[in-house]
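Every chain is numbered from 1 and lettered A, B, ... according to where its sequence line falls, protein lines coming before strand lines. Computation of the quantities below employed the complete heavy-atom set of this structure, encompassing side-chain atoms and omitting hydrogens, waters and symmetry-equivalent molecules.
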There are 2 protein chains.
Amino acid sequence: MAQTLPFRQVSSPLKASCHTCSLSNLCLPLAINETDLESLEDIVQQGRIYSRGEHIFDQSTPFRSCFAVRSGSVKTSIVSEHGEEQITGFFLPGELVGLDSMSGDHYACTAKALERTSICEFPVQKLEELTTRLPGLQHHMYHLMSQEIQHSHQLNMLLSKNTAEERIAALLLSLSSRFQRRRLSGTRFSLPMARNDIANFLGLAVETVSRVFTRFQNQGLIKARGREVELLDVPALQGVSRELSQQACP
Amino acid sequence: MAQTLPFRQVSSPLKASCHTCSLSNLCLPLAINETDLESLEDIVQQGRIYSRGEHIFDQSTPFRSCFAVRSGSVKTSIVSEHGEEQITGFFLPGELVGLDSMSGDHYACTAKALERTSICEFPVQKLEELTTRLPGLQHHMYHLMSQEIQHSHQLNMLLSKNTAEERIAALLLSLSSRFQRRRLSGTRFSLPMARNDIANFLGLAVETVSRVFTRFQNQGLIKARGREVELLDVPALQGVSRELSQQACP
DNA sequence: TTTCCAAATTGATCCTGATCAAGTTTCAAA
DNA sequence: TTTGAAACTTGATCAGGATCAATTTGGAAA
């Protein structure tokens with residue numbers, strides 16, 4: 001995958017057009033003004049398209065940029081010394097990938113496209129220069145990073161206190177509200193990730209995930225066929241989850 | 001606890017002396033220069049002393065400041081809708097509390113002193129102003145927040161993949177290396193937290209923590225009497241833990 | 001010192017979810 | 001269309017750790 005990086009930099013980087021991007025209200029501070037927005041556009045590069053399963057970066061890639069998902073979705077994961085993988089997050093359009101890597105000179109995780117995915121690239125060096133000039137943008141960076149800490153803490157609680165059913169209900173509701181913020185249906189959507197990924201993320205076995213899905217289905221809470229999911233009874237799901245209403249929702 | 005806050009602000013805040021603070025190499029960027037350090041000292045207030053169990057802030061407190069532990073130790077926790085508590089971190093001298101709260105206008109967690117604890121206060125408004133002027137300090141803030149995300153991700157992995165023994169070994173080793181960085185013994189120290197807190201933090205029952213401690217003791221890995229702990233066989237503990245070598249170690 | 005309550009330990013039993021083992025479905029490539 | 005492999009589902013069994021219960025220890029206040 002190391003070859004893809006030089007390629008992306010050689011190929012003339014398109015200047016991003018945050019002005020017209022429908023996601024700008026998600027990945028940008030709402031308070032940002034016209035001139036500030038132009039400064040940001042100057043440093044943002046419209047990255048290339050990644051196809052399903054393709055690496056965006058991994059723990060051996062030198063850290064240069066954060067990435068905003070424009071369309072599609074991304075998963076990040078860390079790997080233990082013994083090769084065990086732990087998925088640390090799923091990222092939907094408008095969400096920023098790489099905030100965990102802003103210390104050290106390599107990425108702290110591996111990022112992989114879950115489907116055909118388009119991303120915008122923020123070179124951190126330029127971003128840091130810019131945030132010293134734009135206090136509003138700096139504040140927004142603190143805001144985003146702080147939220148990522150909070151969401152991870154909520155996930156800790158979920159993993160340490162909740163049952164399999166509660167974890168899965170919470171994930172479904174999280175996805176639901178995040179889709180909804182993107183003006184997509186919050187009750188009928190397509191899971192960007194495999195059952196295996198769900199299991200890994202939530203600290204469960206695949207078989208358990210599968211069983212809970214069918215149990216929810218039998219109880220009339222959801223309708224699921226493969227990755228297509230319909231939430232039939234959101235209040236009931238909320239009753240099951242009791243926590244993490246909008247994990248990782250920026 | 002709300003009464004203590006006004007009190008702390010009325011009582012003339014002492015200007016901190018980061019110059020002479022033995023922890024400055026932990027909580028400050030190493031590259032910071034003389035003039036920058038003075039700017040920082042201008043905004044840092046030497047906070048008051050908290051006694052064991054005392055609240056520093058909670059989720060109803062308006063967010064104003066981050067805090068650096070000067071001596072003693074602090075635990076932070078979040079509470080679910082149903083009143084379940086989840087400890088999200090233990091903080092030793094030199095570590096910064098409150099980075100998860102830099103979004104929103106209230107703290108995102110509750111912070112409580114685990115013992116007699118002295119802290120320095122960083123009013124965030126002034127801190128943000130300062131970081132726009134000092135790019136090195138801004139970079140350091142990104143660095144610290146990024147690390148907090150990483151540590152939380154590592155904790156996620158620990159909770160989702162590791163056994164009770166592995167979790168506890170990892171915690172002991174984490175504390176060990178953090179004490180060591182503070183020039184304290186890494187093999188013989190006093191746990192700042194109760195068994196209950198360890199259990200809560202690691203997603204276990206108290207009884208399990210107790211049992212693992214005695215098991216480790218019988219295997220000759222540690223010697224434990226109450227909160228006094230001696231690590232007798234660090235390599236063996238590392239073999240048990242296999243992960244999270246230095247969680248939350250800034 | 002005694003008293004008292006919280007913290008910690010130890011034992012016995014139970015249950016959720018892991019693991020092992022077959023299938024079944026899906027979907028992409030030939 | 002066939003084929004093959006990965007993804008998913010379902011069933012049976014097992015085990016790690018939770019829970020319940022009973023002491024024991026420790027430390028602060030009287």
Between C1' on D/dA7 and CG on A/D197, what's the gap in Å once rounded to a whole number? 11 Å

Cationic tip of B/R181 above B/F179 ring, under 6.0 Å, 45° of axis: no

Do B/R48's NZ or CZ and the ring of B/Y50 fall within the cation-pi criteria of under 6.0 Å and 45°? yes

Between CG of A/L159 and C1' of C/dG17 the distance, given in whole Å, is 14 Å

If you check the B/E207 side chain, which of D/dC8, D/dC20, C/dG17 turns out closest? D/dC20

Indicate, yes or no, whether a donor-acceptor pair under 3.5 Å links the base of D/dG16 to the side chain of B/R211. no

For the backbone of A/P192 and the side chain of A/E115, can you confirm whether one donor and one acceptor N or O come within less than 3.5 Å of each other? no

Go through the side-chain N and O atoms of A/T88 and B/N156 and say whether any donor and acceptor fall under 3.5 Å apart. no

Test ring pair (Phe, Tyr, Trp, His ring centres under 6.0 Å) on B/F67 and B/F57; report intermediate values, then the result. CA-CA 10 Å; B/F67 300 93; B/F57 55 78; 5.8 Å; yes

How is A/A205 classified with respect to the nucleic acid when contacts are heavy atoms under 4.0 Å: base, sugar-phosphate, or nothing? base

Regarding B/R225, tell me which of base, sugar-phosphate or nothing describes its non-hydrogen contacts under 4.0 Å with the strands shown. sugar-phosphate

May I ask you to say what B/A194 touches in the nucleic acid, namely base, sugar-phosphate or nothing, with a heavy-atom cut-off under 4.0 Å? sugar-phosphate

For the pair made of NZ in A/K161 and C1' in D/dT19, what is the distance, rounded to whole Å? 15 Å

Given C/dA21, C/dT10, D/dG17, which nucleotide is nearest the side-chain atoms of B/T214? C/dT10

Among the nucleotides D/dA18, D/dA21, C/dA18, which one has an atom lying closest to any side-chain atom of A/T208? C/dA18

Just the rounded figure in Å: distance from P of C/dT16 to CZ of A/R167. 14 Å

Over how many whole Å does the gap from A/M193 atom CE to D/dC8 atom P extend? 11 Å

Please give, in whole Å, the distance from C/dT16 C1' to A/I168 CD1? 13 Å

Expressed in angstrom and rounded to an integer, what is the separation of A/Q217 atom CD from D/dT9 atom P? 9 Å

For the side chain of B/S210, counting heavy atoms from C-beta on, which of C/dT10, D/dT10, D/dG17 is nearest? C/dT10

